[in-house]
Amino acid sequence: MSKELIHLSNISKSFDGQMVLDDLNLKIHENEFVTLLGPSGCGKTTTLRILGGFTSPDTGKVYFDGQDITRIPPNKRQLNTVFQKYALFTHMTIAENIAFGLKIKKKSKSYINDKIKYALKLVNLEGYENRMPDSLSGGQQQRIAIARAIVNEPKILLLDEPLGALDLKLRQEMQYELIRMKNELGITFVYVTHDQEEALTMSDTIVVMNQGYIQQIGSPESIYNEPENAFVADFIGDSNIIPAIMIEDKLVSILDTRFACVDTGFGHNKPVDVVIRPEDVELVEPDQGTIQGVVTHMIFKGVHYEMEVMANGFEWLVHSTTMFPVGKQVGIKVDPFNIQIMNKPESEDEEAAAIDI
Amino acid sequence: MRNTARKIYIALIFIFLYAPIFTLMVLSFNASKTRAKWGGFTFKWYSALFQNRDIMEALVNTLLIAVISSLVATVIGTIACVSMSGMKRKTRSILLGITNIPMLNADIVTGISLMLLFISFGIRFGVGTILLSHITFNIPYVILSIMPRMKQLNPSTYEAALDLGASHTTAFFKVVFPDLLPGILSGFLMAFTMSLDDFIITHFTKGAGVDTLSTKIYTEVKKGIKPEMYALSTIIFVTVLLLLILVNMAPSGKNEKADK
């Protein structure tokens with residue numbers, strides 16, 4: 001793995017007595033696209049603001065390239081932020097907006113002009129120098145905000161839900177744009193969002209957060225396929241989370257039915273949660289299935305049919321390209337490899353703290 | 001039919017509102033000294049006015065006090081708004097409530113209270129006390145006109161400026177101040193107008209021998225109304241009217257642009 005650039009060490013922060021971040025530890029590497037993902041109030045924005053220097057942590061340290069920058073103000077940090085509502089300077093032209101940081105650093109006029117040209121080209125808005133921010137669409141303003149940040153050549157770009165205010169189509173377009181820009185610039189992106197699809201599409205690493213704790217850190221694939229607890233499984237994509245008993249290694253009892261699985265090391269007869277993604281549930285003829293059930297709902301979703309199957313008292317969510325009509329008796333089969341076993345949290349707090357590294 | 005009724009109604013309202021002022025303006029151009037008859041058109045009261053040293057002195061006082069008091073009030077009010085925006089919502093709304101009270105307070109109460117305050121502190125009455133009083137009653141108007149703009153401000157723009165390397169001072173003057181400017185300007189003009197046409201508070205806080213235009217008119221009228229006073233009142237009315245038009249135009253022009 002490449003060089004470590006940011007190290008958040010034992011960061012805690014509370015507002016008005018309410019704990020927002022609790023002993024958070026996180027390392028971010030050079031040239032990585034890291035996404036902080038979680039529901040609102042999970043502490044992701046606070047983490048970003050601590051990185052940017054707008055909020056100082058109650059305890060803990062922020063290291064940048066090995067140096068302690070915890071007490072260094074935002075204007076002295078080698079990173080730039082793209083704010084949620086763009087935060088363009090409305091009384092300045094696009095060129096003046098982009099030049100703002102460079103003028104403060106007293107760069108030469110020709111250098112600034114070159115940089116403005118380069119940045120506008122990078123964000124595909126050439127020729128917009130003399131427009132006012134108000135005359136641009138939301139998506140264009142967002143690009144200018146990015147251009148304004150990157151001309152300062154930060155080592156890290158912080159993005160606070162930058163696509164939150166855009167419509168779906170534009171958002172998907174911008175996701176590809178952001179990946180392209182990141183590859184072109186070769187810098188680290190730290191991205192905050194509550195949109196799991198956005199996170200899965202763009203990130204090298206996803207940090208799933210909830211209630212001030214990091215729930216899981218991993219690649220999009222590992223977060224999706226091997227969620228470490230029920231929160232992650234539930235937050236990332238649709239899933240069936242079913243209470244179960246781990247009978248022994250590689251054998252789990254789900255809804256009083258024995259399923260083969262691949263996980264080991266959970267002990268004997270231990271209560272666990274299992275996660276099965278809806279696309280991993282196979283519907284077959286009743287006699288071929290491990291469990292039998294009845295289809296209760298069916299919706300056509302375009303790529304697949306979404307069905308709900310009542311079996312052994314649990315409503316299974318199923319995504320399949322084959323349609324089974326409502327009321328039909330079906331069998332349910334799951335490939336052992338697709339059954340993900342998770343330790344059961346003993347209390348809600350523990351659920352939040354499940355992966356407190 | 002309904003349209004005609006509507007027009008007559010509006011005409012009546014305007015007659016009631018402006019007939020007195022119109023009469024005054026007409027009389028200021030009346031060559032005859034009596035109010036009863038029209039003696040021909042003249043500017044002589046206006047020229048007499050400008051030759052009257054007492055009145056010119058009062059005019060200088062008035063303008064001086066208006067300019068200084070509104071400038072000082074604008075600076076204080078702006079700083080107050082900036083600090084209040086950093087406060088918690090609850091503290092801020094309480095503070096805003098308190099700053100609004102002097103505007104609702106009867107002028108005579110404000111005037112007498114200020115007079116008593118100056119007496120109890122042993123401050124000598126004169127231009128200084130008028131100035132202090134005007135600054136005091138102007139601050140709320142300035143806050144009133146800046147605060148709405150402050151609330152519209154995107155808090156991220158200030159942080160964005162810091163993020164791009166600006167110091168706190170640079171960030172304020174380059175980014176926050178230009179956004180507040182329309183509010184600050186209209187606050188200044190409003191304060192200027194308030195100071196210009198104040199009579200009651202000035203009356204209680206001025207010393208003997210010091211006069212502003214409004215108190216001057218009052219003393220002159222007590223001695224018997226001279227047509228110069230019509231001329232003077234006309235000038236004051238027109239000035240205040242122009243200023244008010246300015247105040248109303250300044251922020252609205254900007255807003256339209258921002259709303260687009």
Side-chain angles (χ1 to χ4, degrees), chain A residues 15-16 45 48-49 51-55 72-92 96-107 131-137 141 144-154 156-162 165, chain B residues 78 81-83 85-94 145-188 249-260:
Chain A
F15 290 111
D16 297 328
T45 298
L48 197 77
R49 289 178 62 81
L51 270 176
F54 303 111
T55 305
I72 293 189
N75 46 7
K76 300 270 190 304
R77 293 190 182 195
Q78 276 182 313
L79 28 83
N80 286 107
T81 311
V82 174
F83 291 87
Q84 199 168 5
K85 288 179 206 145
Y86 324 137
L88 295 180
F89 308 135
T90 46
H91 57 280
M92 298 183 195
E96 285 167 340
N97 263 282
I98 297 174
F100 189 88
L102 300 173
K103 275 188 190 152
I104 284 167
K105 291 188 193 79
K106 304 228 159 46
K107 301 284 188 192
R131 297 274 291 269
M132 296 305 282
D134 286 348
S135 70
L136 268 56
S137 71
Q141 291 191 29
I144 297 300
I146 294 169
R148 183 179 67 179
I150 53 135
V151 289
N152 301 289
E153 297 175 351
I156 300 180
L157 190 63
L158 308 177
L159 302 108
D160 185 6
E161 305 214 19
Chain B
T78 308
C81 282
V82 171
S83 345
S85 73
M87 289 173 182
K88 280 182 194 152
R89 183 183 290 263
K90 206 173 161 192
T91 334
R92 186 176 56 206
S93 58
I94 292 172
S145 86
I146 298 179
M147 215 54 200
R149 279 214 85 91
M150 198 86 218
K151 281 186 191 151
Q152 281 175 22
L153 226 61
N154 179 352
S156 304
T157 50
Y158 180 69
E159 288 185 345
L162 291 183
D163 186 77
L164 294 167
S167 65
H168 288 270
T169 328
T170 318
F172 177 78
F173 281 106
K174 283 247 163 105
V175 172
V176 181
F177 188 73
D179 277 352
L180 290 181
L181 201 58
I184 293 175
L185 275 182
S186 77
F188 172 76
M249 294 218 332
S252 69
K254 265 277 181 188
N255 275 343
E256 272 161 37
K257 213 174 122 200
D259 288 346
K260 202 168 57 180

Interface moiety of A161(B) toward chain A, non-hydrogen atoms closer than 4.5 Å =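 For A161(B), backbone and side chain are both near chain A.
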
Side chain, backbone, both or neither: which part of N154(B) has a heavy atom under 4.5 Å from chain A?
-> side chain

Proximal component of [X], with respect to chain B [non-hydrogen, under 4.5 Å]:
| X | value |
| --- | --- |
| K85(A) | both |
| N80(A) | both |
| L88(A) | backbone |
| L102(A) | neither |
| R77(A) | neither |

Charged N to carboxylate O under 4.0 angstrom, R49(A) versus E159(B)?
-> yes

cation_pi(R148(A), Y86(A)) dist<6.0 Å, angle<=45 =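 Verdict for Y86(A): no cation-pi partner in R148(A).
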
Nearest heavy atoms of I104(A) and G165(B), plus distance in Å |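 It is CG2-O, 3.4 Å.
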
Among P155(B), A171(B), S167(B), A160(B), who wins on heavy-atom pairs under 4.5 Å with chain A?
-> A160(B)

Output the option from L181(B), T170(B), D179(B), V175(B) having the highest count of non-hydrogen pairs under 4.5 Å with chain A.
-> V175(B)

Under 6.0 Å between ring centres, would you say that holds for F172(B) and Y158(B)?
->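 No, the ring centres sit 6.0 Å or more apart.
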
Between L158(A), V82(A), N152(A), T81(A), which shows the greatest number of heavy-atom pairs under 4.5 Å with chain B?
-> T81(A)

